[in-house]
Amino acid sequence: MEELKFVGKDIPRIDEKEKITGAARYVDDLDFGPNLLYAEIVESPYPHALIKKIDTSEAEKVEGVVKVVTGKDFPFKFGLYMKDRYIFAQDRVRFVGEQVAAVVARDPKIAQKAAKLVKVEYEPLPAVFDPLEAIKEGAPIIHPELGQYSHVPWFFPKGGTNIAHHRKVRKGDVEKGFKEADYVFEDTYKIPRYAHCCMETHISVAYYDLSGRLTLWNSSQSPHVQKALIADALSPLGITEKDVRVITPYVGGGFGGKAGVTMEVIAAALAVACKGNPVKVRWRRDQEFYNTYMRQQVISKIKVGVKKDGTITAFQIENFWDAGPYVEYGANVVNASGLSATGPYRIPNVKIDSYCIYTNLPAAGPYRGFGYSEMLFSVESHMTRIAKAIGMDPVEFRRKNAIREGDSLAYGAPMNPNGLIEAIDKVAEEIEWGKKEESKDPKKAIGKGFAIFWKAPAMPPNVSTTAFLKFSGDGSVNILVSGMEIGQGYHTAMAQIAAEILTIPIEKIRVELPDTDRNPYHWQTVASHVTWASGNAVKRAALEARDKIFEVVSRAYHFNKDSLYLENGKVKCYLKPDFELDLKDFVINGIMKEDGYYVGQNIVASGQFFVDFCSALQDPETSQGGHPNVHYTVGAAAVKIEVDKETGKVKILKAVEAIDCGKAINPLNVKDQIIGGLLQGLATALYEDMRFDKNGKILNPNFTDYKIPTSLDIPEEVVPIIVEVAQPDGPFGARGMAEHPMIPAAPMIANAVEDAVGVRIKALPITAEKIALALAKGEKEPDYYWHIMK
Amino acid sequence: MRKISFILNGEKRSVYVEPNDLLLDVLRDKLGDKTPKYGCGRGDCGTCTVLLNGKSVRSCLILAVEVDGQEITTLEGISKGGLTELQKYFLKHNSFQCGFCAPGMIVTLEEFLKKNPKPDEEEVKEAISGNLCRCTGYVPIIRAVMDYVKNK
Ligand code: FES
Ligand code: FES
């Protein structure tokens, strides 16, 4: 293979200079002029209630108030996967914080003051906060009209219940598998809700101009999807997709929280109500907690059969997901993770039931890992326990059962090429697996934990992406794409791919942030798929540009096109070694021939990538028959921790994580993704914890009480490892990896805690308090009551 | 409304403010310096950090009237004369991902390194422990600072 000059190199981020100088502009940094209006939302104090009456008259009287809007003004639904939500509550509210009305004013302080004057009369209804309660006979029904909601064809809601979706997977004969097993292990694990905590809160500024054009500036992972969904929601007013424009400047973190549509549709509606003025809706930090997606809580009941030699014969899991009252996106988390709930294991007999359940806690949905971070806590905790119970080394157990290329997945399709075994071995070696270590301090114990993981991009089976590429007269290039640079290093990777093909330096390439008017379609920046999908589109655009370049040169000089090649941004010819032509000499103005006439064309190109090898049409009873996922990215991870036997405090001495990203377009960026994602995961394992009161109101919607890690909380040593088993259809072999670092964090901590002090924690987070209490009471497997609703 | 005057990034500025206006909002909305960011509004995250007479403060916790007659420096001021030595090391080490924490982080570190030009890693961690970053895991930031310190 030819040596790569840009791909696979540690090229510094191309957006770094903007970020370190403060030049990077996020939505709130844009100037919208003196006509800008500010919105304040009136929120429900009840988790479940009927709205009897809304009186806005007092609020309207306040000087400076432009408009007060309620659900009556916009009785429209929106949603990507299932339309179960209105822009504003209609006749009932379903969680504490739900938007009931909005006040728009010339000044934010006036809006706040007036919002307090909106009087809403409620009739409280019984509420339910626990998914297991919500599926009991006689539980309050949160969506009486559930059966009528439109949704994607791969969802199966059960009208008359709180089950919004039930993904069933059946492979082989699970009962027979359990009979063949020498041992069957069963347990229940509990994973609470978590928050993304992007440093930039959600913000949307919408402007409906006097001609009927609706422009939004959003902090978003999904400009094109937002354009489509907002146009669809407002279509009763005659707004079509061509009228909506979404502009997305820099985004201060996403992690799935800024995917799909949440609050942006409110800004859009308010702008329509206040035609001619831009309207800003910006979440305060507390609203960010309850009024965007959280991660769903889940109760996992798992049962696994194994033979004495460690072969897994049967796997059964029931995952009861609490998705809150609006599951339009969250149900897809349940779906995607349900399809892959076995974890990366080769198992002949499988039974998976993944339930998406409505509750009256705030709406939940995608968060880095898209369900896999949640469900693999139970799987990977359980696998270590099984290995130990049958007297096998947990790493050996994983190596034995790890899924390999060509093995059939739970839904029947074959597993893609992958470096799972290589990842396992590298991590085991780096963490010195098997080497027992003693703490110098007799009050402390050292333990090691291991976990493996996988994740497939969760996408509809027909996602699409396009890249435009254009030259300027000096030979520099602008690439127009609509994937979002949300911090993951996407722009740098795209520049590297284009540079590789066009042989021009990175400094000559700019990758533009999306504006749906200008940049071509890309579905959403989710699912860890942009490097793969958009990378393919950029590569094709660069190849098309190269082809056009050769075309022009061959016409001007009568070279055979096939004899031309690019080197250092110059066109050269195999047959005429002294020939070279700089791109800047012709990409805009063409080439003058001897007779003074020119040949040429303005070099522009586009590249397209469309997923046309997937199908979500599977048997709803078994999930067999389709091909719902494009491929899996796999990996392994381990930690070495020190546990204080008195206080239960866990200190991470070393964390190692290996991911098979197919090909690291930018190894430095890949490693930094691993480090950052791992810390995000370790915090969910150890201390992040969402608390609610009896009324379903979140008690800690701020960084004082909901602790995210600081620089003092990082492991003493983090070792990121890159494994590269090429993805056959990836650009230079690449596949996505940005969500994955978080996935193994929680189970490997649980496994390490047990290794250190013999306590098995089955409910996250694994706080010092839980460990200390268990040690004090001598409980080896403390069972904690579902701790969210005491 | 009251008129206050102060030095912002080396330049005298005057502005009319309400007694309850926060420095963060006045800098951003009235004076157009967008480098301090809103992340929490209650002193928890550090994205709004600016220097008040050379000392780092959280502009979301300070009333604009309090800075009357004083000196404020933001990342905009720090970046005006070209990249600082420290910024060059951030560039080299890929220190930020989404970049939203960068202004507060850099302002904090510029001050810290003036006071303590040869810190060890623990001291650097301590110095930025009030600046939350959700993306990087802090490691690339610390890497950049330590490299800068080593090569100074
Ligand atoms: S916005 Fe000031 S500390 Fe968070
Ligand atoms: S880089 Fe995103 S918060 Fe620090």
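Just so we're on the same page: letters track the sequence lines, and every chain starts at 1. Keep in mind that the numbers below use all heavy atoms, side chains included, and drop hydrogens, waters and symmetry copies.
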Colleague: Quick check on the interface: out of A/G254, A/P709, A/G253, A/G489, who has the most heavy-atom pairs with chain B under 4.5 Å?
Modeller: A/P709

Colleague: Taking the six-membered ring of A/F703 (Phe, Tyr or Trp), confirm whether the NZ or CZ of B/R42 is under 6.0 Å from its centre and within 45° of its axis.
Modeller: no

Colleague: Please lay out, stage by stage, how B/N94 and A/N669 fare under the test side-chain contact (heavy atoms from CB on, under 4.5 Å).
Modeller: CA-CA 8 Å; B/N94 251 16; A/N669 253 333; 3.2 Å; yes

Colleague: Measure the shortest side-chain to side-chain distance between B/L91 and A/R13 over non-hydrogen atoms and say whether it is less than 4.5 angstrom.
Modeller: no

Colleague: Under a 4.0 Å threshold between the charged nitrogen and the carboxylate oxygen, would A/D31 count as salt-bridged to B/K34?
Modeller: no

Colleague: Can you tell me which portion of B/D33 sits under 4.5 Å from chain A's heavy atoms? Options are side chain, backbone, both or neither.
Modeller: neither

Colleague: Within the 4.5 Å heavy-atom criterion, are A/D672 and B/R143 side-chain neighbours or not?
Modeller: yes

Colleague: Looking at A/E16 and B/K88, is there a salt bridge between them, counting it only when a charged N and a carboxylate O are closer than 4.0 Å?
Modeller: no

Colleague: For a 4.5 angstrom cut-off between non-hydrogen side-chain atoms, does B/Q97 reach A/Q673?
Modeller: yes

Colleague: Chain A: which of B/A102, B/P103, B/C135, B/C101 shares the most heavy-atom pairs with it under 4.5 Å?
Modeller: B/C135

Colleague: At a 4.5 Å cut-off on heavy atoms, which part of B/I106 comes close to chain A: side chain, backbone, both, or neither?
Modeller: side chain

Colleague: May I ask you to say whether A/K109 pairs ionically with B/D21, meaning some side-chain N is under 4.0 Å from a carboxylate O?
Modeller: yes

Colleague: To the nearest 0.5 Å, tell me how far A/D713 CG sits from B/K125 NZ.
Modeller: 10.0 Å

Colleague: Does some side-chain heavy atom of B/L132 sit less than 4.5 Å from a side-chain heavy atom of A/T710?
Modeller: yes

Colleague: Can any side-chain N or O of B/R134 pair as donor or acceptor with the backbone N or O of A/H196 at less than 3.5 Å?
Modeller: yes

Colleague: Tell me whether the count of non-hydrogen atoms from other residues, nucleotides or ligands lying under 6.0 Å of NZ in A/K654 goes above 12.
Modeller: yes

Colleague: If you tally heavy-atom pairs under 4.5 Å against chain A, which of B/V139, B/I142, B/I141, B/T74 wins?
Modeller: B/V139

Colleague: Please flag which part of B/E126 lies under 4.5 Å from any non-hydrogen atom of chain A: side chain, backbone, both or neither.
Modeller: both

Colleague: Which bit of A/I20 comes within less than 4.5 Å of chain B, counting heavy atoms only: side chain, backbone, both or neither?
Modeller: both

Colleague: Measure distances from B/L83 to the heavy atoms of chain A and classify the residue's part below 4.5 Å as side chain, backbone, both or neither.
Modeller: side chain

Colleague: Can you confirm whether B/K55 is buried at NZ, in the sense that more than 12 heavy atoms of other residues, nucleotides or ligands lie under 6.0 Å from that atom?
Modeller: no

Colleague: Do B/Y38 and A/E200 have side-chain heavy atoms sitting under 4.5 Å apart?
Modeller: no

Colleague: Taking every heavy-atom pair that is under 4.5 Å apart, which of B/G39, B/G137, B/G130, B/C98 has the most such pairs with chain A?
Modeller: B/C98

Colleague: Considering only heavy atoms, which portion of B/T47 lies under 4.5 Å from any heavy atom of chain A: side chain, backbone, both, or neither?
Modeller: side chain

Colleague: Side chain from CB out, backbone as N, CA, C, O: work out which of these in B/S95 comes under 4.5 Å of a heavy atom of chain A, or both, or neither.
Modeller: both

Colleague: Quick check for you: among A/E485, A/K17, A/R282, which has the greatest number of heavy-atom pairs under 4.5 Å with chain B?
Modeller: A/R282

Colleague: Side chain from CB out, backbone as N, CA, C, O: work out which of these in B/L86 comes under 4.5 Å of a heavy atom of chain A, or both, or neither.
Modeller: neither

Colleague: Would you say the side chains of A/N702 and B/D44 form a donor-acceptor pair under 3.5 Å?
Modeller: no

Colleague: Tell me, do A/M199 and B/C45 make a side-chain contact under 4.5 Å, heavy atoms counted?
Modeller: yes

Colleague: Using 0.5 Å steps for rounding, measure from the NZ atom of B/K37 to the CG atom of A/D29.
Modeller: 3.5 Å

